[in-house]
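Notes follow once the structure below has been shown.
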Amino acid sequence: MSTALQTPEVAESPNYLNSEYGWRSWLFTKDHKRIAVLYIISITVMFFIGGIFASLIRVELLTPQGDLVNSDTYNKFFTMHGIVMVFFFLIPSIPATLGNFFLPIQIGAKDLAFPRINLLSWYIYIAGAIFALAAIVLGGVDTGWTFYTPFSSTYSNTFVITAAVGVFIAGFSSILTGLNFIVTVHKMRAPGMTWGRLPLFVWANYATSLIQVLGTPVVAITLALVGLERAFHIGIFDPAIGGDPILFQHMFWFYSHPAVYIMILPGMGVISEIVPCFSRKSIFGYPFIAGSSLGIAIIGFLVWGHHMFVTGMSMYASLYFSLLTMLVAVPSAVKVFNWTATMFRGSISYDTPMLYAFGFIGLFTIGGLTGLFLATLGVDVHVTDTYFVVAHFHYVMVGGMVLAYLGGMHFWWPKITGKLYPEGWARFAALLVFAGFNLTFFPQFITGYLGQPRRYHAYAPEFQVLNVMSTAGASVLGLGYVIPLIYMLWSLKYGKPAGNNPWKAKGLEWETSSPPPTFNFDTPPVVTEDAYAYASESSHEESHHG
Amino acid sequence: MARQVDYLYAYLGVVTIVMTALIFAAVFFFAVKYRRKHDDEIPKPIHGSLILEITWSIIPFIVMLSFFWWGAQIFFANASPPANAMDIYVVGKQWMWKIQYPEGQREINELHVPVNHPVKITLASEDVIHSFFIPAFRIKHDVVPGRYDTMWFTATKPGRYHIFCAEYCGTEHSGMVGWVTVMTESDYENWLAGGGTEGTMADQGGRLFEQLGCSTCHELDRQGRCPNLRGVYGSRIQFTDGSTRVADDAYIRESILNPNARVVQGYKADVMPTYQGQLSEEQLLQLVVYIKSLAITGAPGAPTAAAPAASTGTRQ
């Protein structure tokens, strides 16, 4: 990869890519931008591994009989798809790549607060990934990504501990990144970069970091306990030896529900950057978007029980979790309304990042609203653990987060690499992703309501038509992922020079050169205006009425 | 109940479609109407509006409260079976459903119920967590090892409907499926009459009670080592630590598997051996039904007050 990044043009100004050469300069770098590139490469590899498992699942489900592979193999497919995508792609996706690269630049810092810890977090991630991949190579895991007990702790005969160790280790990578971001935002802001002027991408990553630091230790402990019960038969979760299987679910979801917000908040941050830029307009309701990120992070910790309405949990606990889940939907809705309002009387262009933002707003709206079905007690009883849930969280995680990630990658690619990608191909791929995604996952809302349970290797024949549609959609979606991979790599060598600010965007990252110099700015920046001051040449007073 | 779920689902669906359509329409309309005409145009900034922010926070929340309220009503109705519900016992085991009727019939992956009569299912798991799901009735409940859960429904139309296991439980999870057959009252009576050579479930439990030697202490003993079980089920029991509880299914189960967990006032601990690991969940249920039948002599399956305890989170 490093050779591909070494563009031979001699006329380039000194930047983080050409300051040093050779693999040592990458593997021992303390530059947050290079570490971000290492992360981009790593999570892209993991994304395509997870994607291969997804494809195998969809091919198996073309026919209802379960005739392609045996059920143990199928169970391993969906487990590995989930583990790889959740823990090794979605959770690190935006914070560790775009966050790592742009959070320091956006606040005018020359690096993160702890550059060595930043590099360490990448090595920890790699160590975790090696365990997860080892679990795959050794023979796989079949517990589902949720590791429910006592199946995972007592009954499964697969490489549960290996995979759990991988997730456990990767968690520390996430904690360290969060810690680094929190300290950086508090201590390293440039003169004039007040909290009220922070780009919303920074706010979103800050809120995400709070969850990472406070929540991740809990899942680490939980998986460690599963490992202890599995290895030494200490009765924690298995009732046959005195444990409580529901305790596991409380502990697991105490992290894993907030983790959903780890996955989506940074995506919301990306959209909050893209929409003003391609509307050329100040964001509508800045304090409400920033505040809603924090609101989501806090309330997100209090809703975990909505995964457990049919476990026989106390009815009154269920009431509480249902009500609070409704409440956490409010700040998400507020964001959608504010993005839409930002476009009002803007100057809107249809560049690829904006196409992804359009897609995000629409699909996240569907993902969010269908979440309310699941928060509604009487309906959840029917649709939980069916394909309805699968469709819902893919609308949030893929329709939301993956689109935001792709949008953000296109938005900042010229800054990261100094090169432009081919716009026509990029728009085409964005349309493919949108169409393929909907064809894959929309039918699953229907199969779910009709009663097809998730994680089924063979299914009732009446669901076949909808499943065939899903599989057809997944093929289109897969193509939509491969095309950007090709043209992005192509652009490294053949892309046109991007210039410092191809989108005429606001924000400190667009004031430095593309690619940025090693310490981000040739002269330390001083901030004199609010974020997204697209009309600032005419020196408006930047008061927030309202 | 299923119809209520469908109405609420339709209501949610309509709100979702309207909201999504509004957002899509706004995005589409703005994107077309305000598309960039010159590369250097700079629109006037609009920073926000407190009134709008309040409006689009409060109104959605009020709509969500209506979802919450309606959903909670259904959920609460789901949680308490009517007093005249008939009992059926279901054990989940990798990878099958074992079904027992108080009248003595036993089936695998087949559930027979009469139409228009409330049915209360008591759920137990032999191994991992399963989930008993009947999509046509819009209900499911997890089947958690180590305790009893209950669910109930009233089937309204004769026919055959899917049973699925909805909680991933290992290799043949997707094969852990079966059928509910809803029959007319008279067909159901005929069906009941057709099987059951081993006597009622209480009879089966009674035989176990003899074989395991339970009766030596709990029925015949007059030396005061352990409580006589006649009349115990459904009554309030006082324990040596001063606490009390109503003797329900969960309590009977616990007392068999972990006799020292709660010792009845006036008796000593460590008298009864544990039966943990020696009885299948089906046998445990037979014992529970037998002990229940001792409550009111000669009237097994008589309604008792303590029924919903298992679904309100009571567990050992």
Side-chain angles (χ1 to χ4, degrees), chain A residues 71-72 144 148 150-151 155 239 245-246 280-282 284-285 288 310-315 318-319 322-323 326 329-330 333-334 336-337 340 343-349 358 361-362 365-366 369 372-373 376-379 381-382 385 451 453 455-460 534-535 540 544-546, chain B residues 5 8-9 12 16 19-20 23-24 26-27 30-31 34-36 41-50 53 56-57 60-61 64 67-68 71-72 74-76 78-79 127-129 131 133 135 138-142 144-146 149 162 164 166-174 311-313:
Chain A
S71 47
D72 276 327
Y148 267 21
F151 182 73
Y155 289 84
I246 301 299
R280 230 170 246 175
K281 211 160 136 287
S282 175
F284 193 92
F288 295 92
V310 298
T311 58
M313 181 173 64
S314 146
M315 284 192 293
S318 297
L319 277 185
S322 171
L323 189 61
M326 300 291 176
V330 173
V334 164
V336 170
F337 294 135
T340 311
M343 292 169 63
F344 178 66
R345 292 194 176 156
S347 164
I348 295 163
S349 73
F358 291 155
I361 294 172
T365 299
I366 297 174
L369 285 163
L372 296 175
F373 288 62
T376 302
L377 289 165
V379 174
V381 168
H382 175 53
D385 276 322
R455 298 172 168 176
Y456 261 34
H457 168 233
Y459 56 88
Y534 278 92
H540 284 276
H544 291 266
H545 43 89
Chain B
V5 177
L8 176 51
Y9 185 83
L12 279 154
T16 300
M19 281 307 303
T20 308
I23 296 287
F24 267 84
V27 168
F30 293 164
Y34 304 116
R35 69 188 176 279
R36 191 168 297 167
E41 69 187 9
I42 303 218
K44 273 206 192 121
I46 306 171
H47 287 293
S49 152
L50 184 61
E53 301 288 348
W56 64 42
S57 301
F61 189 61
M64 290 175 208
F67 302 157
F68 166 75
I74 295 174
F75 192 69
F76 269 67
N78 261 337
D127 35 51
V128 301
I129 301 177
S131 190
F133 179 28
R138 310 283 185 263
I139 50 161
K140 72 167 67 69
H141 202 293
D142 284 0
V144 181
D149 289 287
H162 284 294
F164 293 130
E167 186 64 80
Y168 173 69
C169 59
T171 306
E172 289 300 328
H173 168 55
S174 70
S311 71
T312 53

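Quick note on labels: first sequence line is chain A, next is B, and so on, each numbered from 1. Computed from a predicted model, the values in this text were never measured in an experiment. Computed over heavy atoms, backbone and side chain alike; hydrogens, waters and symmetry mates excluded.
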Between [X] and [Y], is any pair of side-chain heavy atoms under 4.5 Å apart?
| X | Y | result |
| --- | --- | --- |
| B:I23 | A:F337 | yes |
| A:F151 | B:D127 | no |
| A:V330 | B:M64 | yes |
| A:D385 | B:F133 | no |
| A:K281 | B:P43 | yes |
| B:F76 | A:L319 | yes |

Between [X] and [Y], which heavy-atom pair has the shortest distance, and what is it?
| X | Y | result |
| --- | --- | --- |
| B:S49 | A:F284 | N-CZ, 3.7 Å |
| B:A79 | A:M315 | CB-SD, 3.1 Å |
| A:H382 | B:K140 | O-NZ, 2.5 Å |
| A:M343 | B:Y34 | O-CD1, 3.7 Å |
| B:H173 | A:R455 | CD2-O, 3.2 Å |
| B:I129 | A:P245 | CD1-CB, 4.0 Å |

(request) Give a yes or no on this: more than 12 heavy atoms of other residues, nucleotides or ligands lie within 6.0 Å of atom CZ of B:R36. (result) yes

(request) Tell me, for A:Y155 versus chain B, whether the close heavy atoms (under 4.5 Å) come from the side chain, the backbone, both or neither. (result) side chain

(request) Go through the atoms of A:Y148 and report whether side chain, backbone, both or neither lie under 4.5 Å from a heavy atom of chain B. (result)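 Contact with chain B is through the side chain of A:Y148 alone.
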
(request) Measure from the side-chain N and O atoms of A:T365 to the backbone N and O of B:T20, and report whether any donor-acceptor pair falls under 3.5 Å. (result) no

(request) Flag the one option from A:V336, A:D72, A:I366, A:I361 with the top tally of heavy-atom pairs under 4.5 Å to chain B. (result)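 Among the listed options, the one with the most contacts to chain B is A:D72.
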
(message) Quick one, B:F75 with A:T376, criterion side-chain contact (heavy atoms from CB on, under 4.5 Å). Give me CA distance, side-chain angles, the key distance, then yes/no.
(response) CA-CA 9 Å; B:F75 192 69; A:T376 302; over 6 Å; no

(request) Working to the nearest 0.5 Å, report the span between CG of A:L377 and CG of B:N78. (result) 10.0 Å

(request) Please round to the nearest 0.5 Å and tell me the distance separating atom OG1 of A:T340 and atom CZ of B:F30. (result)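 Going from the OG1 atom of A:T340 to the CZ atom of B:F30 covers 7.5 Å.
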
(request) With side-chain contact (heavy atoms from CB on, under 4.5 Å) as the test, would you mind laying out the steps for B:F67 and A:S322 before giving the verdict? (result) CA-CA 10 Å; B:F67 302 157; A:S322 171; over 6 Å; no

(request) Answer with side chain, backbone, both or neither: which region of B:V144 has an atom nearer than 4.5 Å to a non-hydrogen atom of chain A? (result) side chain

(message) What part of B:P145 gets within 4.5 angstrom of chain A, counting heavy atoms only: side chain, backbone, both, or neither?
(response) both

(message) Under a 4.5 Å cutoff for heavy-atom pairs, which residue among B:E172, B:H162, B:E41 has the most contacts with chain A?
(response) B:E41

(request) Between chain A and each of B:S131, B:G170, B:P60, B:A26, count heavy-atom pairs under 4.5 Å; write down the option with the most. (result)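 Option with the top pair count is B:G170.
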
(request) Give me the ring orientation class for A:F373 and B:Y9: parallel if the planes are under 30° apart, tilted from 30 to 60°, perpendicular past 60°. (result)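 Perpendicular, since the angle between the ring planes exceeds 60°.
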
